[in-house]
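Whatever order the structure lists them in is the order used to number ligands and atoms, beginning at 1.
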Amino acid sequence: MQIIRSIEAMQAFAKGVKQSGERIGFVPTMGFLHEGHLSLVDRAKSEADVIVVSIFVNPTQFGPNEDLDAYPRDFARDEALCAGRGVDVVFYPPVEAMYFSDHSCWVEEFTLSQNLCGASRPSHFRGVTTVVAKLFNAVLPDVAVFGQKDAQQYLVLERMVRDLNFPIKMIRGEIVREADGLAMSSRNKYLSEKDRQAAVAISQALFQLKRRFLDGETAAAILLKAVEEAITTAGGRMDYVEAVSAETMQSVETLTENCFVAVAAFFGQTRLIDNVFFD
Ligand code: AMP
């Protein structure tokens, strides 16, 4: 497994792979890897020949009062996990390689990125679309795999790929969960023992909502209120819970198979997100 740190070296590697007729599968991450990330690697392997994982804690997607400096990092551990999973290249650029000090170009999506996390974290998605466009230009992937855990992010990036004609196949990987249902996240490391126990309320509430939907309850107001009650009763503080169309991200009043319910809630200082689809 190679570690590549410069954009030029990454592009040269990618061009060599393409000349040999092989396909590049790409999994962008912010590191501190867990089984959720590694499941995306497995998915990429089923679609491509050469697998690149990027590890880059992207400063432009963090707000001024967010956890950029505290974000967990452990490159040695990530490197071992990637090697063990058959990754070919870890692209691990320093911040200076990704952003010139006078960087002044941005990629921005203006429809799907406005509500949910886009409303709570202004400029977050502009940072995400910009860095992913830059990573795509460095890694030159044929296939890119992102997790459904960040469902809005996936839809925004899929729109970017469509609207800006990136020749890349987008794949959405399933959410990988801890044994009790909590969605795996690098940020779970921040949780105290007590908050870790309590945070399972998020996934339990979403699973319960899906059961009620399958039993015939489709009124968003009723279903979302129950999710909020379950999370706040467990000690969480809601950021949002919404039912939205999986195509337009617009809120829906009646749940259908073509929508999803997304939650963001704080346990202690830690903001966790999760969602459930109905298809
Ligand atoms: P992150 O390192 O948190 O930026 O995530 C990198 C990629 O891994 C994104 O596409 C995420 O959606 C995905 N991901 C994060 N957590 C999970 C999970 N529990 N299951 C599946 N994919 C995940």
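- For atom 23 (C) of ligand 1, the closest non-hydrogen atom on the protein side is Lys149 CB, 4.0 Å.
- Shown here for Thr129 and Met160, the closest heavy-atom pair between the two residues is O-SD, 3.5 Å.
- Glu174 counts as a contact of ligand 1, since one of its heavy atoms falls under 4.0 Å from the ligand.
- Close approach of ligand 1 to Ile175 is summarised as follows: ligand atoms under 4.0 Å from at least one heavy atom of the residue are 20 (N), 21 (C).
- The shortest contact between atom 20 (N) of ligand 1 and any protein heavy atom is with Val176 N, 2.9 Å.
- At the top of the distance list for atom 7 (C) of ligand 1, counting protein heavy atoms only, stands Pro28 O, 3.6 Å.
- Below 30°, between 30° and 60°, or above 60°: for Phe277 and Phe260 the angle between ring planes is below 30°, a parallel geometry.
- Side-chain atoms of Asp88 and Gln2 include no donor-acceptor pair closer than 3.5 Å.
- Contacts between Val27 and ligand 1 below 4.0 angstrom, taking non-hydrogen atoms only, are absent altogether.
- Evaluated by nearest non-hydrogen atom to atom 15 (C) of ligand 1, the leading choice among Glu35, Arg172, His34 is His34.
- Under the 30°/60° scheme for interplanar angles, the aromatic rings of Phe166 and Phe136 are found to stand perpendicular.
- Residue contacts with ligand 1: Met30 is placed with a nitrogen or oxygen under 3.5 Å of a nitrogen or oxygen of the ligand (distance criterion only).
- Both the backbone and the side chain of Met184 come within 4.0 Å of ligand 1, counting heavy atoms alone.
- A donor-acceptor pair is defined here as one N or O able to donate and one able to accept, closer than 3.5 Å; no such pair exists between the side chain of Asp279 and the backbone of Asn258.
- Taking atom 1 (P) of ligand 1 as the reference point, the nearest protein heavy-atom neighbour is His37 NE2, 3.6 Å.
- No part of Ser185 comes within 4.0 Å of ligand 1, judged by heavy-atom distances.
- The protein heavy atom nearest to atom 13 (C) of ligand 1 is Leu40 CD1, 3.6 Å.
- What you find for Asp142 and Arg23 is that their closest heavy atoms are OD2-CA, 3.3 Å.
- Nearest protein heavy-atom neighbour of atom 11 (C) of ligand 1: Asp150 OD1, 3.1 Å.
- Close contacts between ligand 1 and Phe146 involve ligand atoms 10 (O) [criterion: under 4.0 Å to a heavy atom].
- Aromatic ring centres of Phe75 and Tyr92: separated by under 6.0 Å.
- The protein atom (non-hydrogen) at minimum distance from atom 22 (N) of ligand 1 is Gly147 CA, 3.6 Å.
- Distances between N or O atoms of Ser39 and those of ligand 1 include no value under 3.5 Å.
- Contact between Ala48 and Ile24 at its shortest, heavy atoms only, is CB-C, 3.7 Å.
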